[in-house]
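Heavy-atom basis, side chains included; hydrogens, waters and symmetry copies ignored. Lettering of chains follows the sequences in order, A, B, ..., and the numbering in each one begins at 1.
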Amino acid sequence: MTPPDLRALIADSLALWEVQGRVMVLEGGVVLATPDGARLVVRSATAEDRPVRWWLERPGQRRPCMGIPGLLRTLRNALGAGEAPVGRLRMALPEA
Amino acid sequence: MTPMAAPEARIPITVLTGFLGAGKTTLLRNLLRDPRYADSAVIVNEFGEVPLDHELVAAGDETFLSVATGCLCCVVRTDLTRTLASLARRREAGEVPRYGRVLIETSGLADPAPILHALLLDDTVAATHRLQGVATLVDSQHGATALERHPEAQRQAMLADRLVLSKADLVPETTVLEARLRALNPTAPIRAAAQGEVPPEWLFAQGAHATDPEALAAWLEAMGRAARHSTGVTAIVLEREAPIPAAALTLWMQALAEHAGARLLRLKGLVAIAEAPERPAAIHAIQHVVHPLEALEAWPSADRRSRMVLIGQGIPRHWPARLLAAIEAEVAEETARRTG
């Protein structure tokens, strides 16, 4: 996934969560700046970091994410945009 | 888990919904006058402490129940599933007439989605009942205003398998209202009704919950056309040439549910699964509730592309496709990593 692709996905996600912010491709990753001054950086992990695929960085903190779903969940929680309820998917009962 | 009866043995449920004053009770009363449908159990949900609607429906036997403690979609969902289970038990025990169908009239303020969730997810209900469809009444006179002002009215229209324009005798010209409804729900048949008269066989036809591949393909095609040509539709169409790995599809649907669950009214699709591309998987979801993937016997046509349609409110148009692409790339990389 290229940084511009990641930028587009995160920008759409912010719109979905109704969070204001600017998303830019910078510093070897994607930087997210919100109006309240929060600054988050998403970097792609290297092959040596596997199974970690993404790092979410904020001042004094660096969190690993195993994939895009985990990255979006962590990002949403970091932004305080309503905790994404994990595993909320529910299966309807099958037709017999 | 409660043992499940064969689909044909389960009692069909039709949900009758519509905004306040749309004429649900009148329609229900007419339906019950028809001797062919006299074997219906009726559940009326009334909003407020003093039940009124049930007084207006001349059913009056033991299979008529009023759930009156609040709005069905947010307060008495458990009551609904308990009521259905209890009714089925009493039916088997011969304590009530052996009814052949259930009609649920929701309150005018109900969002049908949570009600459908309750009907689909409760194993006791699903063991004995099956959801046949959702019929939504829209007032020919005041429906446009309700759709404009009330999200509940919009959601009632969007989730309908059948749309009934009530009070058609009062308003002969409904072109604008029909266009508005088409924008919200491009595939549900629309029928005008005067004095609450609707052919029951039309109203009780199997709804979109059936997984007939041709019907599903037709639905997807119609939704695709609407999404491309109508600015008012919040339908997002995804088409993929390459089959999608099952793991990617599962992760994608889980992320949809997690981040867009409340905004996602419906998701349907015919998907080529990479592990078994000859048999398309039918996917269905209402908000965050997803039916198990169903592998169909064959594709309905020579077109083997995966097609998925999301109907939602406030979902960025490209977000689902971007999300799927990102997840697919990770799954492909992980597969390659593990297989060396």
Side-chain angles (χ1 to χ4, degrees), chain A residues 1-21 23 25 29-30 42 44-55 64-79 81-96, chain B residues 1-7 9-10 116-117 119-123 125-127 130-131 209-211 250-261 263 284-294 312 314-331 333-334 337:
Chain A
M1 189 178 200
T2 65
D5 288 341
L6 180 63
R7 191 206 72 79
L9 177 63
I10 291 177
D12 273 356
S13 301
L14 292 187
L16 182 67
W17 304 331
E18 299 180 338
V19 172
Q20 291 192 332
V23 190
V25 177
V30 167
V42 179
S44 177
T46 65
E48 291 73 40
D49 295 328
R50 294 292 182 265
V52 175
R53 292 184 182 277
W54 303 99
W55 295 102
C65 303
M66 314 281 266
I68 284 291
L71 172 65
L72 293 182
R73 186 180 305 132
T74 307
L75 190 57
R76 184 175 178 180
N77 291 340
L79 291 166
E83 289 216 351
V86 179
R88 201 162 161 254
L89 185 78
R90 297 187 66 185
M91 300 302 285
L93 293 160
E95 292 289 321
Chain B
M1 183 175 283
T2 311
M4 195 169 290
R10 286 187 277 153
L116 301 182
H117 291 169
L119 297 176
L120 292 167
L121 288 171
D122 187 281
D123 65 343
V125 171
R130 63 183 166 86
L131 181 60
H209 303 279
T211 52
T250 306
L251 288 169
W252 178 69
M253 290 175 73
Q254 182 138 15
L256 283 181
E258 186 174 327
H259 295 287
R263 296 167 184 265
H284 290 269
I286 298 172
Q287 294 192 327
H288 61 278
V289 178
V290 180
H291 289 249
L293 292 184
E294 183 181 358
I315 300 175
R317 183 157 294 279
H318 299 293
W319 182 77
R322 286 175 171 146
L323 178 66
L324 179 58
I327 290 172
E328 277 185 293
E330 290 188 344
V331 168
E333 190 203 308
E334 184 62 23
R337 190 174 74 88

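A salt bridge (charged side-chain N to carboxylate O under 4.0 Å, His left out) with Arg50(A) is found for exactly one of Glu333(B), Glu334(B), Glu330(B), namely Glu333(B).
With rounding to the nearest 0.5 Å, the separation of CD1 in Ile327(B) from CG in Leu9(A) is 8.5 Å.
Pairing each heavy atom of Asp12(A) with each of Pro316(B), the nearest pair is O-CG, 3.3 Å. His259(B) approaches Leu16(A) most closely through the heavy-atom pair O-CD2, 3.5 Å.
Proximity of a side-chain donor or acceptor of Glu258(B) to a complementary backbone N or O of Arg73(A) within less than 3.5 Å is not detected.
Heavy-atom pairs under 4.5 Å with chain B were tallied for Ala15(A), Ala11(A), Ser13(A); the largest tally goes to Ser13(A).
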